[in-house]
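Hydrogens, waters and symmetry mates are skipped; everything else that's a heavy atom, side chains included, is used. Just so you know, these numbers come straight off a predicted model, no measurement behind them. Order of listing sets the numbers, starting from 1, for every ligand and every atom in it.
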Amino acid sequence: MNTQVRIYPDPVLRRVADSVENIDESIKKLIATMFEVMKLEGGVGLAAPQIGVNKRVIVISIDEKGFERFALINPVIDFFSDRKSKMEEGCLSVPGIRADVKRPSKIVVSGVGRSGRQISLETGGLLARVIQHEVDHLNGVLFIDRISEKEKKRIFEDLNMLINRANSSVR
Ligand code: CO
């Protein structure tokens, strides 16, 4: 399996990922690979499209409480709080760029765990933020789509550098 993290503006990052029908060996292998890549790259979350796999699978690894290391298959956010908070985000697929993103502070997310168990989780803080960021990836949305015009202007040159780098790389 290719473990190269896809970098903006790679079009695979803009696709809507397909639901997982069966949690078979290929999905378990995908999840294991995603955990490896996330650890290697030092990320707190990773979505399958980021390694070029167009499936609705995310993995999360947050040190906060120890147990927040899990995979979610076909995650759905069932509730977003009206209250929003702002936090700086980055993304392995948008290297070198960080920007403030406003998102709902609390969510309820459901999905299927690695073992096939149905999971429903009410959460806030960093975990809620990372889950929203990763679910966005499954819909072809990047954090840079969700920032203020002011932030967009500030990172414009850096984004252009990534675009130029992609255009000049030998394939
Ligand atoms: Co990301």
Salt-bridge criterion met for E36 and K39 (N-O under 4.0 Å): no
N-O pairing of E89 and R103 below 4.0 Å: yes
Any side-chain heavy-atom pair of R146 and D136 under 4.5 Å: yes
Shortest non-hydrogen separation from A71 to I119 and the atoms involved: O-CD1, 4.3 Å
Closest contact, heavy atoms only, L162 versus I7: CD2-CG2, 4.4 Å
Residue and atom names of protein N/O/S atoms that fall under 2.8 Å from the Co ion (ligand 1): C91 SG, H133 NE2, H137 NE2
Under the salt bridge (Lys or Arg N to Asp or Glu O under 4.0 Å) test, residues paired with D145 that sit two or more places apart: R14
